[in-house]
Each structure stands twice: as C-alpha cells, then as structure tokens.
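Whatever order the structure lists ligands and atoms in, that order sets their numbers, starting from 1. Numbers here simply count residues along the sequence, with the first being 1.
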Amino acid sequence: MSPPEHFAVEYAINPWMDITAPVDAELALKQWEGLREALVRLGHEVHVLPPEIGLPDMVYAANGAFSVDGVVYGARFKYPQRTAEASAHRRFYDRLGWRYITPAATNEGEGDFTYLPKALGGLVLAGHGFRTEVGAHAEAQEALGRPVISLRLTDPRIYHLDVALAPLDDENVAYYPGAFSESSRTVLRRLFPHAILATEEDALAFGLNLVSDGHNVVLNAEATGLAAQLRAAGYTPVPVELTELKKGGGSVKCCVAELRS
Ligand code: ARG
C-alpha cells in the first residue's frame, strides 16, 4: 500500500475523476489509514511503498504489478501520467528479491489481473477493453505459467477488472455481470456457477473492489447490498469508508497490491 500523501485529482483518465470537484486530502489519508488498520487487525502484513511527488494516483498500488508465486509480471501504464509508478513498484520487488518480468504490452497490474489458486489448479482472470491490452494476457500466461482467461469489459465506468469482479476465496468470485461482454458473461457462468452476482448499484459503489482472505471481506461501506449478500453466503463483511479515494476512481482493492510469494 502507498499512502495518499500526494493524492489529488489533477487529471481525468476515468469517468469518476472530476478535476473541478474538491478532494479532502486530510480525510483521504485518514480513510486510507483506516483501511490499513483494518487489514492489520485481520492479521495481514502491510508493506508501505513510499509515495512520490507528482504521482497522485500512486495510492492505487494494485496497478503497479501482478505477482504469483514470487514471480512478478510488471505493469506498463496506459496513460503517461502514471508511467513512472511502474519503476517504483519494480524497485520494491527487486528489494524483496522476487523475479521481475518487464512487460512489453500495456497492462495495469492487479487492476486487470487476479488469481484463484484453487480454480483449475491456479487460474488467472484478466480484463481488457479499457486499460490492459489483450496481448498482455498472453504475455502474463508465458511469464507466470498459469492459464489466463480473457474477459472483456464493456462499461467505461467499470474500466478495470477489479471494479467488476473479485475473488472471495481460493476458488469462488463475486462479479457484476453487466460489466462484461455477453460472451465473457457466458465464460464466467461456466467457470463460476456459484458466484455471488452483484447489482449495478453495488458495483458502482465500488463494492466489488474488495480484498478477501476467504472469510473476512474488506469492502467499501457504501456497498450495503453486497455486504448483506456476502453475510448470507457465510462471509464476514468488513466495511471501510473510502469516499475520498472514490473520487479518483478507486477503492479498497485498488489501494492494495497483493504479494503472492
Ligand atoms: N485514477 C486511477 C486511474 O484511473 C484509479 C486507479 C484505480 N485502480 C484500480 N485498481 N482499479 O488509473
């Protein structure tokens, strides 16, 4: 995670970003701290990536890379405003001694890639349509030696896979069907017949932009319907307030890069 010390909405690269709307920087930092504390309370170890001046979106640490089994498939951002973030993440993984693979294709890390360790023996789900190029999906499969399923996103408000779909445990997911092309919806139905289907309202409240340990599901407090569905399915929702970071087009998951060692 990277604290929003230099967070601001200075440019607009997704439909949520309104450069004329005020952002409460102090509140953003306080809410981010609340998220970090919630994760620590649940037993996670949180590493902090130092934020850099001039990179206001660096708080969305999920976009910096995608790792599986200590191998890191690096990011290559679509927009020049975020390009420099990739090398900050790279330095972090280099210090850990993880193998880092430099991508040739545009991809925004865990924004568009996620991993289910027990589905088909280790399955990558990958989004394309707005940010990550479909060529990056093949590149990730070669880099990581895991099958990659390509899913096409079709709603510009849901421009990253991690706003449309989330792993709940090692093999099941929650998703909002309306974010995907018809064929991608069919693929998801075949792969995950027991998935939790979120409503449009909860998806647009960034409810699916969540972090789950298989039991506790940390999610945006505004997604109350999804929290109830999760509770009914036996999970424990852990709501957190992240209103300020939503103004940049992100929430819980966007702020967290998972380290799969
Ligand atoms: N303002 C950032 C962008 O548009 C938000 C990134 C959200 N991150 C995510 N993992 N969905 O690039």
Could you tell me, for ligand 1, which of its N or O atoms are under 3.5 Å from any protein N or O, listing the pairs and their distances rounded to 0.1 Å?
{"unit_1": "ligand 1", "atom_1": "1 (N)", "unit_2": "D57", "atom_2": "OD1", "d": "3.1"}
{"unit_1": "ligand 1", "atom_1": "1 (N)", "unit_2": "D57", "atom_2": "OD2", "d": "2.9"}
{"unit_1": "ligand 1", "atom_1": "1 (N)", "unit_2": "G248", "atom_2": "O", "d": "2.8"}
{"unit_1": "ligand 1", "atom_1": "4 (O)", "unit_2": "N14", "atom_2": "ND2", "d": "2.7"}
{"unit_1": "ligand 1", "atom_1": "4 (O)", "unit_2": "R131", "atom_2": "NH2", "d": "2.8"}
{"unit_1": "ligand 1", "atom_1": "8 (N)", "unit_2": "N63", "atom_2": "OD1", "d": "2.9"}
{"unit_1": "ligand 1", "atom_1": "10 (N)", "unit_2": "N63", "atom_2": "ND2", "d": "3.2"}
{"unit_1": "ligand 1", "atom_1": "10 (N)", "unit_2": "D162", "atom_2": "OD1", "d": "3.4"}
{"unit_1": "ligand 1", "atom_1": "10 (N)", "unit_2": "D162", "atom_2": "OD2", "d": "2.6"}
{"unit_1": "ligand 1", "atom_1": "11 (N)", "unit_2": "H160", "atom_2": "ND1", "d": "2.8"}
{"unit_1": "ligand 1", "atom_1": "11 (N)", "unit_2": "D162", "atom_2": "OD1", "d": "2.8"}
{"unit_1": "ligand 1", "atom_1": "12 (O)", "unit_2": "R82", "atom_2": "NH1", "d": "2.6"}
{"unit_1": "ligand 1", "atom_1": "12 (O)", "unit_2": "R131", "atom_2": "NH1", "d": "2.9"}

Next on the checklist: Salt bridge or not between E133 and K78? Use side-chain N to carboxylate O under 4.0 Å.
Outcome noted: no
Next on the checklist: With ring pair (Phe, Tyr, Trp, His ring centres under 6.0 Å) as the rule and sequence neighbours excluded, what pairs involving residues 128-162 come up?
Outcome noted: F113-H137, H128-H137
Item to check | Partner set under side chain to side chain contact (heavy atoms under 4.5 Å, CB included) for T186, not counting sequence neighbours | outcome: R189, R190
Checklist entry - Just by modelled atom types, is the G178 backbone N or O under 3.5 Å from a matching donor or acceptor in the D155 side chain? => result no
Checklist entry - Listed by chain and number, what are the salt bridge (Lys or Arg N to Asp or Glu O under 4.0 Å) partners of R90, not counting sequence neighbours? => result D94
Next on the checklist: Any non-hydrogen side-chain atom of L35 less than 4.5 Å from a side-chain atom of V252?
Outcome noted: yes
